[in-house]
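Handing you a structure now.
Convention: sequence-line order gives letters A, B, ...; per-chain numbering from 1. In what follows, every heavy atom counts, from backbone to side chain, and hydrogens, waters and symmetry copies are set aside.
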Number of protein chains: 2
Amino acid sequence: MNALPEGCADVVFADPPYNLQLRRDLQRPEGGMVAGVSEEWDLFDGFESYDAFTRAWLKAARRILKPDGTIWAIGSYHNVFRVGAALQDAGFWVLNDIIWRKCNPMPNFRGTRFTNAHETLIWAARSERSKYRFNYHAMKAMNDDLQMRSDWLIPICGGNERLKRRGAKAHPTQKPEALLYRILLACSAPGDVVVDPFFGTGTTGAVAKLLGRHWIGIEEDCVYAAIAEERIAGLLPLAGGALAVSQGRRGEARIPFGALVEAGIVRPGSMLHAPARRGEALVRADGTVAMGDQCGSIHQVGAAAMGAATCNGWTFWHVVEAEQLVVLDAKRDVYRAMLANAA
Amino acid sequence: MNALPEGCADVVFADPPYNLQLRRDLQRPEGGMVAGVSEEWDLFDGFESYDAFTRAWLKAARRILKPDGTIWAIGSYHNVFRVGAALQDAGFWVLNDIIWRKCNPMPNFRGTRFTNAHETLIWAARSERSKYRFNYHAMKAMNDDLQMRSDWLIPICGGNERLKRRGAKAHPTQKPEALLYRILLACSAPGDVVVDPFFGTGTTGAVAKLLGRHWIGIEEDCVYAAIAEERIAGLLPLAGGALAVSQGRRGEARIPFGALVEAGIVRPGSMLHAPARRGEALVRADGTVAMGDQCGSIHQVGAAAMGAATCNGWTFWHVVEAEQLVVLDAKRDVYRAMLANAA
DNA sequence: GGGAGCCCTGAATCCATAT
DNA sequence: TATATGGATTCAGGGCTCC
């Protein structure tokens, strides 16, 4: 990066090593092994060594950024606090932290933590005084005329998009093009220069070329670099007015019964009633219900009460309200309305 | 916090000041050329001062945590990188970063950035070696039998839940009870001690009391403290049965396979069958099994049959009953029921 | 051709206890 | 403290085969 001229970049996108610290191999419940990140480039002696590395590349990135340029950095809880703090210390001005929510993350196979279902991006201007570019209306249009939020739902990179070499993934941490697409559309213009100091297999370059942005990629691994060159060479940029976007919003959110309990709409300790006095069930703190020995979800216990294989607990169970039975599904509507309106 | 005894807390929940306004007020430039330098210096100084504050309360929190205790800290992009890095530097071991997604965030009125629609929580154990509590099954049950993810959709605190004083909100950053409900349900048990060093109007205490946890709140503002006391005094804890949450098998007594053989539930000389006809094994009198040359526990021989490093023999092997395959784990349940009836 | 079902895989700090 | 062993634990999506 130090070979580039000062102030040459409109945007820097950086996907640095995450400094993962895996203790041992991880086995899937069905017997297979998880292919983790064991590459040498992700090995550091400790936080001090990682921090020094981070400060060095941030300093170089800041030098090549135009005064009004912005930087993106992506990370996980292993490294993102170090990167974020170093970025602030270096004089960058944080504009947003963006959550990449994965709709299909790897589960937590051992049941020891919450499923790690997101990664964090930091978007920052070169300085507090930067007049940075934010294509507000493009983002709003892309989000069905609602302001684009700081949490983005995007699938992980797989299928045909995932680059392979001899049947195996070419790079352990290839990012989805949709992620870079939204980033470059948000904060750059056609003709801008985008620099990626951890180019890998070139997702940033591929999307930049597609969107008519110039790109510079830096990659020390020559195998990755060769794959990236080949990948990008085979692409054509979009024609002038073809930047069609508009991504529909997802369907109605699934509501777990536990969310109603948590929100106090159905209280733990209260009773659910089956129609025609066919039984009642105690609501427990975690959103399960208990009827005699039976204990489980509203659907499972409902099925047991009906003597059926399956049951829709939302329409089966009722709560008492003002001496009337009210079907649970009505309470779900209340919760949905709360999600939509409450303030 | 330093007045509390060492190792008294199972959980610490901390909602520290976010450092939002302070810097701007402190760094009015006096004039001319000095402004730029002065700003950068003040910027650095602002972070330094905030970091020192953060290190101090984290150190105090670590002292009062039990060795297996965990800490939660919540923040936004203004401060969370500082808090996260300081937390790691202090020896805490990050378990998850959790994204509180707000379904009703404040819009970005000037259209200059992405709508800031989330806050970040960090969940960390006191040390890497801590045997921390995570109520995996309760979280899974609460989420309709899917693993709880690291992104949580919860409304901001409003409506009747929002505490008011003379028509205005009593506290500028009151957290929703649903957030604390999920946190305390995830990582504590009834009777545990929860400490909140930035108690505010007492959301942590209110939910702790509801869920049958002991709580200690620290608040320097006596108006907030008075509001919190009044608020919590008016609450009733949930009754015992409602506090029960779903448990997994981890807590249950271990049953050796030999006990089933001994009890006649599985007969010596009978065969165990692997799924998809991947092999069968002979049950021997001492509770070991044999498959060809392989001989050992149900787990060891199962692993050999799978070609895997390890195997849960209880869920791998099946017995034939009425011309149906029945998983061995069901037989263990039969034995457990036998034990329970005998007692 | 279509649908059901099986297999594979993804940035993962992923066990507890007795000896 | 290191080693051995019991045994708990997974979601979504794409690609493929097979009927």
Legend entry - Nucleotide of D:dT10, D:dT5, C:dC15 approaching B:Gln300 most closely (side-chain heavy atoms):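 Ranking D:dT10, D:dT5, C:dC15 by closest atom to the B:Gln300 side chain puts D:dT5 first.
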Inset, instruction - Give the intermediate values and the outcome of side chain to side chain contact (heavy atoms under 4.5 Å, CB included) for residues B:Leu328 and B:Ile298. - result: CA-CA 10 Å; B:Leu328 203 53; B:Ile298 51 171; 4.1 Å; yes
Inset, instruction - Sort out for me which residue in B:Val12, B:Leu95, B:Ile122, B:Ile98 forms a side chain to side chain contact (heavy atoms under 4.5 Å, CB included) with B:Trp72. - result: B:Ile98
Legend entry - Gap between atoms CD and P, on A:Glu119 and C:dG10 respectively (whole Å):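 Spelled out: CD on A:Glu119 to P on C:dG10 is 14 Å.
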Legend entry - Candidates B:Trp100, B:Trp152, B:Trp93, B:Phe134 - the one meeting ring pair (Phe, Tyr, Trp, His ring centres under 6.0 Å) with B:Trp123: B:Phe134
Inset, instruction - Using a heavy-atom cut-off of under 4.0 Å over every strand shown, decide if B:Ile255 touches base, sugar-phosphate, or nothing. - result: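 If one applies the 4.0 Å heavy-atom cut-off, B:Ile255 turns out to touch the sugar-phosphate alone, with no base involved.
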Legend entry - Out of D:dT9, D:dA8, C:dA12, whichever nucleotide has its closest atom nearest the side chain of B:Arg332: D:dA8
Inset, instruction - Please state how far atom CG in A:Leu22 lies from atom C1' in C:dC14, giving the value in whole angstrom units. - result: 10 Å
Inset, instruction - Just compare D:dG6, C:dA11, D:dT10 and give me whichever is closest to any side-chain atom of A:Thr173. - result: C:dA11
Inset, instruction - To the nearest Å, give me how far apart CD (A:Glu30) and P (C:dC8) are. - result: 9 Å
Inset, instruction - Give A:Gly158 one of three labels, base, sugar-phosphate or nothing, depending on what nucleic acid heavy atoms sit under 4.0 Å from its own. - result: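 Touches nothing.
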Inset, instruction - May I ask you to verify if any side-chain N or O of B:Tyr136 is less than 4.0 angstrom from the OP1 or OP2 atom of D:dT10? - result: yes
Inset, instruction - For the side chain of A:Leu20, starting at C-beta, report the closest nucleotide among D:dT5, D:dT9, C:dA11. - result: C:dA11
Legend entry - Euclidean distance, atom CZ of residue B:Arg149 to atom P of C:dA12 [Å, nearest integer]: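 Going from B:Arg149 (CZ) to C:dA12 (P), I get 14 Å.
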Inset, instruction - In whole angstrom, give the distance that lies between atom OH of A:Tyr18 and atom C1' of C:dG10. - result: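 Spelled out: OH on A:Tyr18 to C1' on C:dG10 is 13 Å.
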Legend entry - No-hydrogen, no-angle side-chain donor-acceptor test under 3.5 Å, B:Asn135 and B:Arg133: yes
Inset, instruction - State whether a side-chain donor-acceptor pair under 3.5 Å links B:Gln247 with B:His137. - result: no
Inset, instruction - Report yes or no: is the cationic atom of B:Arg149 (NZ for Lys, CZ for Arg) under 6.0 Å from the centre of the six-membered ring of A:Phe114, at an angle within 45° of the ring normal? - result: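 No, B:Arg149 does not lie over the aromatic ring of A:Phe114.
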Inset, instruction - Using a heavy-atom cut-off of under 4.0 Å over every strand shown, decide if B:Leu146 touches base, sugar-phosphate, or nothing. - result: sugar-phosphate
Legend entry - Distance test, side-chain N/O of B:His299 to OP1/OP2 of D:dG6, below 4.0 Å: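 No, B:His299 has no side-chain N/O under 4.0 Å of OP1/OP2 on D:dG6.
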Inset, instruction - Enumerate the residue pairs fulfilling side-chain hydrogen bond (donor to acceptor under 3.5 Å, both in side chains) with a member in residues 302-314 of chain B, sequence neighbours excluded, ordered by first and then second residue. - result: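 Qualifying pairs, neighbours excluded: A:Gln27-B:Thr310.
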Legend entry - Nearest-Å distance once atom P is located in both D:dA8 and C:dG10: 28 Å
Legend entry - Toward the 5' end of DNA chain C, by each residue's nearest nucleotide, A:Asn104 or A:Phe47: A:Asn104
Inset, instruction - Taking atom CZ of A:Arg23 as the centre, report whether more than 12 heavy atoms of other residues, nucleotides or ligands fall under 6.0 Å from it. - result: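 Above 12, so yes.
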Inset, instruction - Could you check whether A:Pro176 gets within reach of a base, just the sugar-phosphate, or nothing at all, counting any heavy atom under 4.0 Å? - result: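 Result for A:Pro176 = nothing.
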Inset, instruction - Mind running side chain to side chain contact (heavy atoms under 4.5 Å, CB included) on B:Leu146 and B:Asp144 for me, showing each step along the way? - result: CA-CA 6 Å; B:Leu146 291 179; B:Asp144 276 4; 5.7 Å; no
Inset, instruction - Considering just the side-chain nitrogens and oxygens of A:Asn160, establish if one lies under 4.0 Å of OP1 or OP2 belonging to D:dG15. - result: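 For D:dG15, OP1 or OP2 has a side-chain N or O of A:Asn160 closer than 4.0 Å.
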Legend entry - D:dT9 to C:dT9 separation - P atoms, rounded to the nearest Å: 25 Å
Legend entry - Atom pair distance, as rounded to whole Å: NZ in A:Lys169 and C1' in C:dT9: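 It works out to 8 Å between those atoms.
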Inset, instruction - Using a 4.0 Å heavy-atom cut-off across all strands, classify A:Arg113 as base, sugar-phosphate, or nothing. - result: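 Base, at least one base heavy atom under 4.0 Å.
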Legend entry - Below 4.0 Å: OP1/OP2 of C:dA12 and any side-chain N or O of A:Arg110: no
Inset, instruction - Using only heavy-atom distances, determine whether the side chains of A:Ser150 and B:Arg101 contain a donor-acceptor pair under 3.5 Å. - result: no
Legend entry - Passing candidate, ring pair (Phe, Tyr, Trp, His ring centres under 6.0 Å) with A:Phe199, options A:Phe13, A:Trp215, A:Tyr224: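 Among the candidates, only A:Trp215 passes.
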Legend entry - C:dA11 base / A:Lys175 side chain donor-acceptor hit below 3.5 Å: yes
Inset, instruction - Could you check whether B:Thr310 gets within reach of a base, just the sugar-phosphate, or nothing at all, counting any heavy atom under 4.0 Å? - result: base
Inset, instruction - Answer yes or no: does a side-chain N or O of A:Ser76 lie under 4.0 Å from OP1 or OP2 of C:dA11? - result: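 For A:Ser76, the contact criterion (side-chain N or O under 4.0 Å from OP1 or OP2 of C:dA11) is not met.
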Legend entry - B:Ala244 versus A:Asp286, closest heavy-atom pair with distance: O-OD1, 4.3 Å
Inset, instruction - Examine the side chains of A:Thr288 and A:Arg284 and answer whether a donor and an acceptor come within less than 3.5 Å of each other. - result: yes
Legend entry - Same-atom distance (P) from D:dC16 to C:dG1, integer angstrom: 16 Å
Legend entry - Pairwise 5' ranking along DNA chain C for A:Thr112 and A:Gln174, keeping only the more 5' one: A:Gln174
Legend entry - Under-4.0 Å side-chain N/O to phosphate OP1/OP2 contact, A:Asn108 with C:dC14: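 No, because none of the side-chain N or O atoms of A:Asn108 sits under 4.0 Å from OP1 or OP2 of C:dC14.
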Legend entry - Nearest-angstrom distance from the residue atom CD1 of A:Ile74 to C1' of C:dA11: 9 Å
Inset, instruction - With heavy atoms under 4.0 Å as the rule, sort A:Asp15 into base, sugar-phosphate or nothing. - result: base
Legend entry - Phosphate OP1/OP2 of D:dT10 contacted by B:Lys140 side-chain N/O (<4.0 Å):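 Yes, within the criterion.
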Legend entry - Paired stretches of DNA chain C - 3 or more consecutive Watson-Crick or G-U pairs, each distance under 3.5 Å: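 Stems for DNA chain C, defined as runs of 3 or more consecutive pairs: C:2-10 with D:11-19, C:15-19 with D:2-6.
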Inset, instruction - Report yes if a donor N or O on one partner sits less than 3.5 Å from an acceptor N or O on the other, where the partners are the side chain of A:Arg28 and the base of C:dG10; otherwise report no. - result: yes
Inset, instruction - State whether the distance check finds a donor on one side and an acceptor on the other, under 3.5 Å, for side chain A:Asn116 versus base C:dA12. - result: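 Side chain to base: no pair present.
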Legend entry - Residue-phosphate contact under 4.0 Å: A:His171 side-chain N/O, C:dA11 OP1/OP2: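 So the side-chain polar atoms of A:His171 never come under 4.0 Å of the phosphate oxygens OP1 or OP2 of C:dA11.
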Inset, instruction - Could you identify which residues of residues 83-99 of chain B place a heavy atom less than 4.0 Å from some atom of DNA chain C, listed by residue number, or say none? - result: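 The answer is B:Trp93, B:Val94.
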Legend entry - N or O in side chain of A:Arg162 less than 4.0 angstrom from C:dC8 OP1/OP2: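 Looking at the OP1 and OP2 atoms of C:dC8, neither is under 4.0 Å from any side-chain N or O of A:Arg162.
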Inset, instruction - Figure out the CE/C1' separation between A:Met106 and D:dT10, and round it to whole Å. - result: 10 Å
Inset, instruction - For B:Pro256, answer base if it contacts any base atom (sugar-phosphate contacts may also be present), sugar-phosphate if it contacts only those atoms, and nothing otherwise; contact means non-hydrogen atoms under 4.0 Å. - result: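 Contact class for B:Pro256: none.
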Inset, instruction - Choose from D:dC11, C:dA11, D:dG13 the nucleotide whose nearest atom is closest to any side-chain atom of A:Lys102. - result: C:dA11
